[in-house]
Amino acid sequence: MKYDFNDIEKKWQDHWAKNQTFKASNASDKPKYYVLDMFPYPSGAGLHVGHPLGYIASDIYARYKRHKGFNVLHPQGYDSFGLPAEQYAIQTGQHPALTTETNIATYRRQLDKIGFSFDWSREVRTSNPEYYKWTQWIFIQLYESYYCNDDNKAKDIKELTSIFSAEGNTTINAVCDDDTSSFSAEEWNAMSSEAQQRILLQYRLTYLAETEVNWCPALGTVLANDEIVNGVSERGGHPVIRKKMTQWSMRISAYAERLLQGLDTIDWTDSLKESQRNWIGKSVGASVTFNVKDHDATIDVFTTRPDTIFGVSFMTLAPEHELVDKITTPEQKEAVETYIEKTAKRSERDRMADVKTISGVFTGAYAEHPFTKEPIQIWIGDYVLASYGTGAVMAVPCGDQRDYDFARHFDIAIPNIFDGVDISEEAFADKDKTVIANSDFLNGMNYKKATKRAIYELEQLGQGEGKTNYRLRDAVFSRQRYWGEPFPVYYVNGMPQMIETEHLPIRLPEVEKYLPTETGEPPLGRADVWAWCTESNTVVSNDKIDNETVHPLELNTMPGWAGSSWYFFRYMEDAMREETFASKGALDYWENVDLYIGGSEHATGHLLYSRFWVKLLKDRGFVNVEEPFKKLINQGMILGTSAFVYKVRFSIDSAFDSELYKNINSDSLKRFYEFENELTRRLGNLFIPKAYLNKKNNEIENLLNVSLFKKEYVTEWSNRLSEIIGINEDRVYLKLQYIDPIHIKVDYVNASDELDIEGLKEDKEFGQDFKNAKFILEEGVYKVGREIEKMSKSKKNVVNPDAICEQYGADSLRLYEMFLGPLEQAKPWNTAGITGVHGFLKKLWKLYVGENGLNVNDAEPTKDNLKTLHKTIKKVEEDIENFSFNTSVSTFMIAVNELTAQKCTSKAVLEPLLTLISPYAPHIAEELYNRLGHNESISTAAFPTFDASHLVESSKNYPISFNGKMRFTLELPMDMNKEDIEKTVMAHEKTIAQLDGREPKKVIVVPGKIVNIVG
RNA sequence: GCUCAAGUGGCGGAAUUGGUAGACGCGCUGGAUUCAAAAUCCAGUUCUUUCGGGAGUGUGGGUUCGAUUCCCACCUUGAGUACCA
């Protein structure tokens, strides 16, 4: 009987769905195991073979854990809010919810074909109101929390208000925007409610704050930094201004230290932990306060090198520093203002990109050195960033290259405070290789000692203290978009108010367009029904706003990472209760994710925000765990093999080329280009083979020999040309201008890189018009160019898993994706190779099913049968535990090859083999298991137990090497001792031949391993 | 610039307490079967060779009886990050 994979796979997929085979239970005696994939954003393009890689890996692990007796939770869902659906809505007017619905249906259909063991009963979609109700609820918990530094955790903001009314803010130690202003209990109690709310916002873990953004008035939207080029918008070239906007922010910085420490408790890759560490950017040092001479102002700086304080020869402030105005002297005022104006035009990103240009200006003011009391020039320089530290630095040119370059450029003194170090060429930053000199009480101390002492002395003066600084900044949480979670927030007199939990969810309102309003408000500004009535606790029409009982609602929506920061808890809920985000029983049972698989692009986004929210939920008593993901694996990207055709672009070649550009005006230039385009069109689209790319342009022109090079055209062109640019020329030629590689769909290329020209021409879905294309053939075919790139729709190199399942089956797809290489590595896809694993499945089938029924019987297994089986058990178990799935596939191939050669029919061997293969190729395993007489699914069959006794050997084929090079092998008994081995080997004729009469210096014998003869 | 990862046949890759380099598969070559094709099966496939052998895991050193594996320096590629004081 034939291996009919299409029938078999359909049968078992239906069976699993109907019987809810993979539905997890929240009540089980088995130990729990939670395997999670990063849930997908359902894009319109559907899945390509790169997407399921991680899902297949996690599915193998989940199925393996079931065989091992675990109660496995393996859910799936959709991160369904996001930009593409919104952009599609802007273009077509179709509601993003509809687009999303359609895309999800496609995803589900594709996923179902691959045979995953997902528990779909727990599916979540972040854009469902039943789900985002709880995203809104978590937002409220953040709002109602502050961070207590004494207990190092978030607490209810109500505790803070009671402290304020009893003691003011002088006794508490909490994370706050502005910890300089203090008030007493009396002062607090006397404040208006509005003033109190304003203060509380400085403590809340989500808060409204003025944030500087790039605003493009012409486009009516905020632009990200990378959407701006040279101060204008990338698209359209409109001016962009820096604008302060009120935005919601998340006080993730309060958790910086815990996010850093927590990394030591989780099993993630080092590189991923390293990215998070860099992102958090902890630096330990000191803050130092400098008094400004003839002012009562002080300048705080952060430094990691307080030991170099005697090397300070100037200070630099960021141009935006608030003191700049106050301290600049009248003489320097003009120069400073000019400089600030100049730098303000450059975005921070621009400034960072341009590291070579040194610029700055002297303020005319001086600070006072805390110890020497010497005056220190205060400069402004754009190498100091306003957004890091205090926006000011104490410059130590001898120890910091940037300070050194700045000092050199502006001719400022560079005092040397390092013992025996030459600083005539560059700064000396190697802190461990010298001791401090010329530094009063620090002289002769190394970096460590001097740092400690300097901080101590600064503390004595009251002008500094030890301090730790973090690069991690609070995360802006507002988006001027439609397709995201609405905030559960309304405003009374401009102050935000939370909507009570029982009135959630606040659903997205209908809008007639998904664009910002004419006045620059977010799309929700277009909603007519978008106000909050505090009497009825309902959303009502905007025109009812009366500021008494009806109030405006928040117009921004939440960012993409809101819904994905907690979804792993929602899956734990088996009943999807409305009254809680996840019930206590479910949270207690499943705790957190044991294995999380997904892409490394989320290293500093999703994976950091999720950790932050989980810590908040833990602090506030809603969950029991400190970290969401115990073990994390990043699957590597699957690369596609792009195919290129090479389009020839022509231009007019004439003697007056140079004249042309001298005299021509913009109108005639336009007409000239139009003419060029027309000629190109008339030529048709001409494509040359890849082999031509090595040739020179004139060689290619000769080879092309197209009709448009002929004389009659030449005359016509010269007339037209004279008309356009007013110069007479009797001869005009086309010349090859450049060759344009164009991506084409890989579907039209066969394994020998030959292009299916007719197919390409008839394709309806193209960006390039191939209808009139002319392909220059070589030996009757057009060979395309190839390049390995990221698999993506835009590169037209996607391979659809549906087609693979259709042609080879889901089991082949699953095996092949694993067989490609190590899970975590990037690797190119090559569909041709799938015949290898497909052939393996056919052999496997043939091992069990013969022409006339089953080949399996109760025959006693032979020694070889058992050896093969147990060797396979051992290797596969190790491989799965190590996530080395590619090597297991090889192991299966070897096992089936061996058992076929052994003509094994023994059920005692062939049945356990099925369980080993089942996680990888579940459909064929179920089918064969069923044919062996089982009515129950193989999915919970016990994983076979390894028995080492079957692998014991009585002899060893020793490699005999000479000076470390293996020359021949020799079969010797396993229990032969060292001396006998040496004797036997030395007496062997090949040894004698190798030695060729020389006396060996030494003979190394490692019993059971190797013999090495040193000559 | 800094951090991390990786360099092995025509290709994907295998080989870890240092012990037979190239498992397994693709591709390729030859053969069987077939009217033919598909499918299947068998043999071969790192390079080189005077057929004895010799060389070989990015390059150059080192440690060792023995190095793809450990150490040092360098080169290349990929990813991340960047005036972080």
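Just so we're on the same page: letters track the sequence lines, and every chain starts at 1. Worth saying up front: this structure is predicted, and the values here are computed from it rather than measured.
- Note: A/F5 and A/Y808 fail the aromatic proximity criterion, with ring centroids not under 6.0 Å apart.
- A straight line from NZ of A/K965 to C1' of B/A55 spans 7 Å, rounded to a whole angstrom.
- The distance from atom CE of A/M966 to atom C1' of B/G53 is 14 Å, rounded to the nearest whole Å.
- Applying the salt bridge (charged side-chain N to carboxylate O under 4.0 Å, His left out) definition to pairs two or more places apart or across chains, those involving residues 807-817 of chain A are A/D59-A/R814.
- If you check B/A85, B/G19, B/C26 against the side chain of A/V393, the one that comes closest is B/A85.
- Across the strands present, B/A55 finds its partner in B/U46; the criterion is a Watson-Crick or G-U wobble pair with both atom distances under 3.5 angstrom.
- Within the shown strands, nothing qualifies as a pairing partner of B/A85 under the Watson-Crick or G-U definition with both distances less than 3.5 Å.
- Annotation: B/C74 and B/A55 have their C1' atoms spaced 24 Å apart (nearest Å).
- OP1 or OP2 of B/G13 lies within a sub-4.0 Å distance of a side-chain N or O belonging to A/Q825.
- Nucleotides B/A67 and B/G58 are separated by 16 Å at their C1' atoms, to the nearest Å.
- The partner of B/U16 cannot be assigned: no Watson-Crick or G-U wobble pair with both contacts below 3.5 Å exists in any strand.
- Using a 4.0 Å heavy-atom distance criterion, A/R277 is classed as making no nucleic acid contact.
- Base pairing of B/C41 is made with B/G31, judged by Watson-Crick or G-U wobble geometry with both donor-acceptor distances under 3.5 Å.
- Going from atom CG of A/N830 over to atom P of B/C28 covers 11 Å, rounded to whole Å.
- Within 4.0 Å of A/Q401, counting heavy atoms only, lies no atom of the nucleic acid at all.
- To the nearest angstrom, P of B/A39 lies 13 Å from CZ of A/F5.
- Distance from the side chain of A/K1009 is smallest to B/U17 among B/C84, B/U17, B/C24.
- Between the NE2 atom of A/H838 and the P atom of B/A38 there is a distance of 16 Å, rounded to whole Å.
- Under 4.0 angstrom from either OP1 or OP2 of B/U20 there lies no side-chain N or O belonging to A/S961.
- For A/Y388, whose side chain is taken as the heavy atoms from C-beta onward, the closest listed nucleotide among B/U20, B/A85, B/G56 is B/A85.
- Within the 4.0 angstrom heavy-atom criterion, no nucleotide atom of any strand lies near A/D403.
- Contacts of A/S271 with the nucleic acid, taken as non-hydrogen atoms under 4.0 Å apart, involve only primed sugar atoms and P, OP1 or OP2.
- Among the heavy atoms of the strands, none lies under 4.0 Å from A/K273.
- B/U69 and B/G62: their P atoms are spaced 15 Å apart (whole Å).
- As judged by a 4.0 angstrom heavy-atom cut-off over every strand, A/D400 is placed among residues making no nucleic acid contact.
- You'll find the ring centres of A/F819 and A/F885 outside the 6.0 Å limit.
- When the C1' atom is compared between B/G22 and B/A14, the two are found 8 Å apart, to the nearest whole Å.
- Rounded to whole Å, the separation between the C1' atoms of B/U46 and B/G13 comes to 15 Å.
- Between A/I894 atom CD1 and B/A15 atom P the separation is 11 Å, expressed in whole Å.
- Nucleotide B/G27 holds its P atom 15 Å from the CZ atom of A/R786, rounded to whole Å.
- Using the Watson-Crick or G-U wobble rule with both distances under 3.5 Å, B/G25 pairs with B/C11.
- Nearest nucleotide to the A/K843 side chain, out of B/G12, B/C41, B/C26: B/C41.
- Partners of A/K843 by salt bridge (charged side-chain N to carboxylate O under 4.0 Å, His left out), not counting sequence neighbours: none found.
- If you check B/C84, B/U3, B/U40 against the side chain of A/R402, the one that comes closest is B/C84.
- Two residues are said to be in side-chain contact when any heavy atoms from C-beta on lie closer than 4.5 Å; A/V324 and A/I340 meet this criterion.
- With values rounded to the nearest 0.5 angstrom, A/S275 atom OG is found 10.0 Å from A/W279 atom CH2.
- Here the P atom of nucleotide B/G12 and the CE atom of A/M637 are 17 Å apart, to the nearest Å.
- Side-chain atoms of A/P822 lie closest to B/A14 of the nucleotides B/A14, B/G25, B/A85.
- Taking only side-chain nitrogens and oxygens, A/N897 comes nearer than 4.0 Å to OP1 or OP2 of B/G25.
- For B/C4, the paired nucleotide is B/G78, the pair qualifying as Watson-Crick or G-U wobble because both relevant distances are below 3.5 Å.
- Contacts between residues 877-892 of chain A and RNA chain B, defined by a heavy-atom separation under 4.0 Å, are made by A/N886, A/T887, A/S890.
- For A/R471, taking side-chain heavy atoms from C-beta onward, the closest of the listed nucleotides B/A82, B/G12, B/U40 is B/A82.
- With A/K827 contributing its side chain and A/Q825 its backbone, the two residues share a donor-acceptor pair below 3.5 Å.
- As judged by a 4.0 angstrom heavy-atom cut-off over every strand, A/K842 is placed among residues touching the sugar-phosphate backbone only.
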